[in-house]
Each structure stands twice: as C-alpha cells, then as structure tokens.
Amino acid sequence: MTFSLPIGPLGIPQLGFGTGTYYYKGADTLTFNQSLVDMLVEAVHQGFIHIDTAESYGVYPEVAAALKQLLTEMDRSSIFITDKYSGSPSKGISKNGTPYEHLKKILNKLGTDYVDLYLIHSPFITNEKIGFTLAEIWKSMEKCLDEGFAKRIGVSNFAVSDLQDILQTAGHKPLVNQIEFNAFLQNQTPGIFQFCKSHEITLEAYSPLAPLTKVDHSSGVGEQMDLFLGQLAEKYDKTKTQILLRWVLQLGVVPISTTSKRSRLQEWKGVFDFQLEQAEVDTVTSIGQSYKPRLRLYMRSQYSKYD
Ligand SMILES: NC(=O)C1=CN([C@@H]2O[C@H](COP(=O)(O)OP(=O)(O)OC[C@H]3O[C@@H](n4cnc5c(N)ncnc54)[C@H](OP(=O)(O)O)[C@@H]3O)[C@@H](O)[C@H]2O)C=CC1
Ligand SMILES: O=C1Nc2ccccc2C1=O
C-alpha cells in the first residue's frame, strides 16, 4: 500500500525532511553531495514530500538536482518546500539582499516558481548586522507572499517578544515558528509553546530526537525517559524514535527530522498508524520537564540563560 504523509491544517505535511544538520555544508560550495540528492528523491518517492532547507545550509545545488529529477515525474504541487532566509552577513550587509531578493534568486536556482513556506531563520537581525531591521525584513517576506513567490511565510527560533514585535505591524502574520523542540526542551524560550498555540501559529520542531541521540541514558532523567520510551515501544511494537516523533505530533507540532538511512523512511511511516494514550503523552511531557538543565543544542549563546 502506498503511504501518504498526513497534511495538517495549513496544508503542511506532518513530517519534514531536513537538509541541515547531517547534510549541512555551510560555506562549502565545492563538494556536491550526491547522497543527499538520492535521499531526497527516495524520501519523496516514499511519500515524505516535505523538504526543509535554508540559505545557510549550502545545499541548494543538491535540492535543485533532486527537484529537477522529481519534477519530471510529479507535479510541483505534490512537493512541499521550505526555505529559510538568514541574511548571511558580510561586512554589515546581507550578502543576499532582502528576503525578496534572496528568494527570487533561489527560485531560479531551484527551478521552481515558488516555495511553500518561507521562514526568517532567526530573530537576531539588526540594521547593524545586515543593513535591515527585522520590521523591514518582515515587510519583504510579505512581498514574497503577496507576489506568490512564497505560499506561506513564517519565522524560526523566535521568542514571544520577537513575535509580538512583528504582530504589531504585520499585514500578514507569521503562520509558523520553527523552533528547537524536544521532550527535554519544551519551550525554546519562555512561554513560546503556549503563545504560538494561542495565536494559531503552527509550531515546527527541529531536532525532535535529541533526547535519544544526545543524552546519557545510564542514569537520572535520561535513564527514566529511556525506560519509559522503551515500555511504550514494547507496548505499541514501535521504536523509541517512533514514540518520540509521535509524542511531538500528538502535541500538534510538526517534526522536522532527517536521516542518512533509507531504512529510517520505513520507520517514519510507522509513526502515523498508531496513537499514544493521552496519559502516556502527559507522562513523556512530565518526565521531560524534569530534565535539568534543559537539552539545548542551538542558539545557546542567546537562550541558555533560560535553562
Ligand atoms: N531552524 C533551525 O534553526 C534549525 C533547523 N533544523 C532543521 O531540522 C532538521 C533536523 O534536525 P536534526 O537535529 O537532525 O533532527 P533529529 O533530532 O530528528 O535528528 C535526526 C538524526 O537522528 C538520528 N537518529 C534517528 N533515530 C536514531 C536512533 N534511534 N539512534 C541514533 N540516532 C538516531 C538520524 O540519524 P540516521 O542517519 O541514523 O537516521 C539523524 O541524523 C535539520 O536537518 C534542519 O533541516 C535543525 C537545526 C536548526
Ligand atoms: O538550521 C540549522 N542551523 C544550524 C547550525 C549549525 C549546524 C546545523 C544547523 C542547522 O541545520
């Protein structure tokens, strides 16, 4: 039976395939990573049609190559592409101009007319750093939406006060906030989960598997969580990876994961054919909340003060 990735309320496919982290190339423009192209094509073939990329990952050539192949077989509308603007600074000016200027260049590179979701990668944008204020950057994001180059616009790594600043002047509100989110980091910044829920801003969770991959499971809360995930895995005949992704989904959050292994795609399919009981979701949540200091891999210099 063919697998269809469930589509959420804003038309967002409910698991994103990340082209950062494991596949991150940054400024390395010389190496072409054919294994990323092959994995993207395979992932989309198997139903994982949501591709998460960014200006800073240095992987547009690979995403473009995968799309070129895929678009000979399927409609553009069957694939969901997210891009993120970081405005990579160079001597106080953004190397790639405004989000609008960046996106127009990138669409050309990617061989498509639009992205499905366009995010500002982080709120740490100032006139001094890149020559534009955050308000100017949001205006430019809105222009991308108005002209149809982005179907949806949003942000990433934004705190409540950053969102409030944007909401004050926005013509179009951010539809998504992609944040670092896992059982051991349930609020990247204070109150962000609840704020986004109450403002109907969809949360996307990057690095959702960190409690499995970045934690000592031999003692303390790490061990307690591992044991509980193990119990749930046994009860549902699932893996711990599947249980953690399921927990994210049942909180109404879209996981953004990635993999180097084709076998993981089969594992991901098994995230969508079962449900945790509410009490089990709550237990993962409450064990997770007792993990101190919180498990934070990104934006530490700005956000570790909250841990
Ligand atoms: N907006 C932002 O600022 C950021 C966005 N992102 C986005 O999120 C994406 C995903 O982030 P990432 O941190 O990789 O997400 P995850 O936490 O989902 O980690 C994915 C990694 O976990 C490994 N893994 C899965 N299951 C297991 C297991 N049981 N044991 C050991 N390893 C396992 C996978 O390796 P394997 O190859 O074995 O499957 C893969 O490399 C990025 O690629 C990027 O697109 C990431 C960081 C910041
Ligand atoms: O989004 C990302 N930001 C990063 C910073 C360092 C390494 C990987 C990443 C991402 O995938």
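Counting starts at 1 for both ligands and their atoms, in listed order. The first residue of the sequence shown is numbered 1, and numbering continues consecutively from there. Values reported hereafter were calculated over all heavy atoms of this structure, with side chains retained and with hydrogens, waters and symmetry mates removed.
Only one option out of T19, T53, N33 pairs with E62 in a side chain to side chain contact (heavy atoms under 4.5 Å, CB included); it is N33. Of the candidates R296, K292, R294, D307 forms a side-chain hydrogen bond (donor to acceptor under 3.5 Å, both in side chains) with just one, namely R296.
Every atom of ligand 1 with a heavy atom of S260 under 4.0 Å away is listed here by number and element: 36 (P), 37 (O), 39 (O). Applying the 4.0 Å criterion to heavy atoms of H121 picks out, from ligand 1, the atoms 1 (N), 2 (C), 3 (O). Against a heavy-atom cut-off of under 4.0 Å, N157 is close to the following atoms of ligand 1: 1 (N), 2 (C), 3 (O). Counting atoms of ligand 1 from 1 in the listed order, those under 4.0 Å from a heavy atom of G18 are 9 (C), 42 (C), 43 (O), 45 (O). For ligand 1 and T259, the ligand atoms under 4.0 Å from any heavy atom of the residue are 36 (P), 37 (O), 39 (O). The distance from ligand 1 to the heavy atoms of T21 drops below 4.0 Å at these ligand atoms: 10 (C), 11 (O), 12 (P), 13 (O), 14 (O), 42 (C), 43 (O), 46 (C). Within ligand 1, the atoms closer than 4.0 Å to a non-hydrogen atom of L209 are 16 (P), 17 (O), 18 (O), 25 (C), 26 (N), numbered from 1 in the order shown. Heavy-atom contacts of A210 reach the following atoms of ligand 1: 17 (O) (cutoff under 4.0 Å).
Counting protein heavy atoms only, atom 18 (O) of ligand 1 is closest to S257 OG, 2.6 Å. In this structure, atom 10 (C) of ligand 1 lies nearest to the protein heavy atom I256 O, 3.3 Å. What sits closest to atom 26 (N) of ligand 1 on the protein, heavy atoms only, is T241 OG1, 3.1 Å. The shortest contact between atom 38 (O) of ligand 1 and any protein heavy atom is with K261 NZ, 2.4 Å. From the protein, the heavy atom lying nearest to atom 45 (O) of ligand 1 is D52 OD2, 2.8 Å. Regarding atom 13 (O) of ligand 1, its nearest protein heavy-atom neighbour is S207 OG, 2.6 Å. Closest protein heavy atom to atom 34 (C) of ligand 1: T258 O, 3.8 Å.
K109 forms no cation-pi arrangement with Y60, by the criterion of a distance under 6.0 Å to the ring centre and an angle within 45° of the ring axis. With Y114 as the aromatic partner, R76 meets the cation-pi criteria of under 6.0 angstrom to the ring centre and within 45 degrees of the ring axis.
A donor-acceptor contact closer than 3.5 angstrom is absent between the side chains of Q164 and Q168. The closest side-chain donor-acceptor pair between Q188 and N177, if any, does not fall under 3.5 angstrom. For the residue pair Y236/Q242, the side-chain donor-acceptor check at 3.5 Å is not satisfied. No side-chain N or O of D116 forms a donor-acceptor pair with one of H50 less than 3.5 Å apart.
Under 4.0 angstrom from ligand 1, the non-hydrogen atoms of T19 all belong to its backbone. If you look at T213 next to ligand 1, the close heavy atoms, those under 4.0 Å, all belong to the side chain. The proximity of Y24 to ligand 1, defined as any non-hydrogen pair under 4.0 Å, does not occur for either the backbone or the side chain.
Using 4.0 Å as the threshold, K240 has no heavy atom nearer than that to any atom of ligand 1.
Of all heavy-atom pairs spanning T98 and Y85, the tightest one is C-CE1, 3.6 Å.
A salt bridge is absent between K261 and E267; no separation between the charged side-chain nitrogens and carboxylate oxygens falls under 4.0 Å. Using a 4.0 Å cut-off between charged nitrogen and carboxylate oxygen, E280 and K235 count as a salt-bridge pair. With respect to K139 and E136, no salt bridge is recorded, no charged nitrogen being found less than 4.0 Å from a carboxylate O.
Contact residues for ligand 2 (protein heavy atom closer than 4.0 angstrom to any ligand atom): G20, T21, Y24, Y57, H121, Y298.
At distances below 3.5 Å, at least one donor-acceptor pair connects side-chain atoms of D162 with backbone N or O atoms of A159. A donor-acceptor contact shorter than 3.5 Å links the side chain of Q186 to the backbone of T285.
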Open item on the list: ring pair (Phe, Tyr, Trp, His ring centres under 6.0 Å) for F272 and F48? Distances and angles first, verdict last.
Closed with: CA-CA 12 Å; F272 297 96; F48 294 99; 7.1 Å; no
TODO: Take W138 and D165 through the side-chain contact (heavy atoms from CB on, under 4.5 Å) test and state the conclusion after the steps.
DONE: CA-CA 10 Å; W138 187 252; D165 285 350; over 6 Å; no
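Among Y23, Y298, Y206, Y57, the residue whose heavy atom sits closest to atom 8 (O) of ligand 1 is Y206. Remark: among candidates R264, M299, M39, the nearest residue to atom 27 (C) of ligand 1 is R264, based on non-hydrogen atoms.
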